[in-house]
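Structure, as structure tokens:
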Amino acid sequence: MAKKRGRGMAAVNYPTGMNLGGDPSQALVHATTTGSFIVTLSSVDLGQGLKTVMAQICAETLGVPTENVIIDTADTDTGPHCMGTFASRGTHRIGNAIIMAAKEAKSVMLEVAAEELEVDSGDLQTDGAGNIHVKGSPQKSISVFNTALAAHFKHGKTISGRGIFLQPRSYPEPETGKMTPATCYAHACTVAEVEVDTETGEVRVLSLKSAYEVGRALNPRMVEQQIIGGAWMGLSHALYETTEPYYPDRSHGPVDFNQYLMPGPGDLPEFENVVIERPAADGPYGAKGVGEMTANSPIPAIANAIFDAVGVRVDSLPITPEKVLRGIQALNARAPY
Amino acid sequence: MTKVAVQFTLNDEEQNEFVDSGSTLLAVLRGKLGLYSTKAGCHQGSCGACTVIIDGEPRLSCLTLAQRCTGRMITTIEGLTRDGALHPLQQAFMEGFAAQCGFCTPGMILAAKSLLDRNQSPSRDDVIDAISGNICRCTGYEPIIAAVLAAAEQMRAEMKKSA
Ligand code: FES
Ligand code: FES
């Protein structure tokens, strides 16, 4: 009877988006009379921060402050089409659609500004702080605010743009089954350290250390949030979550937060993360999807660490104390005395 | 349904309401007073999203009858912001990225506040203990624990300055 420690690792390659009937998302961008920009989407922020990152992408493309961008995800009936927020596709697909829409809106904005300043629109640039000026001579400038006013009330123009990103459907080659289901993949590796109590079969995860290659972290603190939240969720899948922990039959299954177990604040391992940035050629400012993969690699890493600690290979989730204990007993029964 | 009169102090303001007898404080806060920051996660005392502070103690408003609140002092998250200035806990949650969907956040902050009100130098375990009745499904808890510890440090520093 002892506590035994083990270490395990696992890696994951995770596709951004999916390949069913094609994978499109659309975005519409328009300026208000006072130069705020509204991005209309049917996509949904699940709490992962989609709205923040989409505002960053739009602002970066237009060259205006992020505070001047409002993301409207109000209505899937009336908004431009989006496949949805899933498959770690939001940042990449919707972000690309916004870049396309914002570029179109920006060109109208610069045309209006050019007329106001009596210069060529090709000579203009935005300063990221709410102004448009002639390249090389910042004193010849007009604010985005005044440009929007002029567009509405003088020039009769809408500063707006349309954007779509479409990942076309890929069909498998009949002979080989070869296809291109996704264009970009994020990568990660997790090392887990566990302690297994050989008397009770209980597993305690001591640390989860991960490295993530995410293209570019558009919002580094939010990427870190995803990674830690995901590692916790992976730990939860690995050791806790099931709808059927009870005996003897299904009607004893968990129906609420008290019975459906997940790790609490007292069950946390030490988390350590490294983010590696290798911008994706087709990503918005190089970004790939990081969301779901964060819950993936911790699971096999924990399973491998348990094997390393006590030699028990559990191949169904969650890895409950009972399964570990039965595994240890089976090993002991086989062992020569 | 029979109506009963309740009278309590909510975020430093006197409240007089006629409520359905048997209605919970949660139902009164959200349904009658329109204070939606107090979240309803389970209605059965297992998630902590509905946590408010009653007479200094963290309480589950879904299990508290409004009638029982007469004469009591109640704080919801709306009561933490003073003249537009965030409470150090709110500030620390924001700076520490301790919220994602935000559903657990008001309850977490109030559970943490009642800890910090009685213990200015909590250990990590004290914090874990204080928030162990509050479920979060997004953050993995780690940023929340770190934010509460950061807020405690900030509050100690402020006290030293004003002392
Ligand atoms: S709503 Fe009160 S504990 Fe869940
Ligand atoms: S931030 Fe979503 S539940 Fe805590």
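Just so you know, these numbers use all the heavy atoms, side chains as well, and skip hydrogens, waters and symmetry mates.
Atom CE of B:Met73 has 12 or fewer heavy atoms from other residues, nucleotides or ligands within 6.0 Å. Within a 6.0 Å sphere centred on CD of B:Glu13, other residues, nucleotides and ligands contribute 12 heavy atoms or fewer. Other residues, nucleotides and ligands place no more than 12 heavy atoms under 6.0 Å from the CZ atom of A:Arg7. Within a 6.0 Å sphere centred on CZ of A:Arg221, other residues, nucleotides and ligands contribute more than 12 heavy atoms. No more than 12 heavy atoms of other residues, nucleotides or ligands shown are found within 6.0 angstrom of CE on A:Met9. Other residues, nucleotides and ligands contribute more than 12 heavy atoms inside 6.0 Å of the CZ atom of B:Arg156. Counting heavy atoms of neighbouring residues, nucleotides and ligands inside a 6.0 Å radius, atom CD of B:Glu158 exceeds 12 of them.
Atom CE of A:Met233 is separated from atom SG of B:Cys138 by 7.0 Å, given to the nearest 0.5 angstrom.
In terms of heavy-atom pairs under 4.5 angstrom with chain A, the leader among B:Pro143, B:Gly96, B:Gly140 is B:Gly140.
Both the backbone and the side chain of B:Ile131 come within contact range of chain A, judged by heavy atoms closer than 4.5 Å. Both the backbone and the side chain of B:Arg137 come within contact range of chain A, judged by heavy atoms closer than 4.5 Å. Looking at A:Asn219, the atoms closer than 4.5 Å to chain B (heavy atoms on both sides) all sit in the side chain, from C-beta outward.
When every heavy atom of A:Pro265 is checked against every heavy atom of B:Ser132, the shortest pair comes out as CG-CA, 4.0 Å. Between B:Ser46 and A:Phe257, the shortest heavy-atom distance links the atoms OG-CB, 3.8 Å. For A:Trp232 against B:Cys136, the heavy-atom pair with the smallest separation is CH2-O, 3.5 Å.
At a threshold of 4.5 Å between non-hydrogen side-chain atoms, the residues B:Cys42 and A:Asp256 do not count as touching. Counting only heavy atoms from C-beta outward, the side chains of A:Leu268 and B:Ile128 never approach each other to under 4.5 Å. A heavy-atom distance below 4.5 Å is not found between the side chains of B:Phe97 and A:Ile228. Within the 4.5 Å cutoff, side-chain heavy atoms of A:Gln226 are placed close to those of B:Gln100.
The closest donor-acceptor contact from the side chain of B:Glu142 to the backbone of A:Gln225 lies at 3.5 Å or more, if one exists at all.
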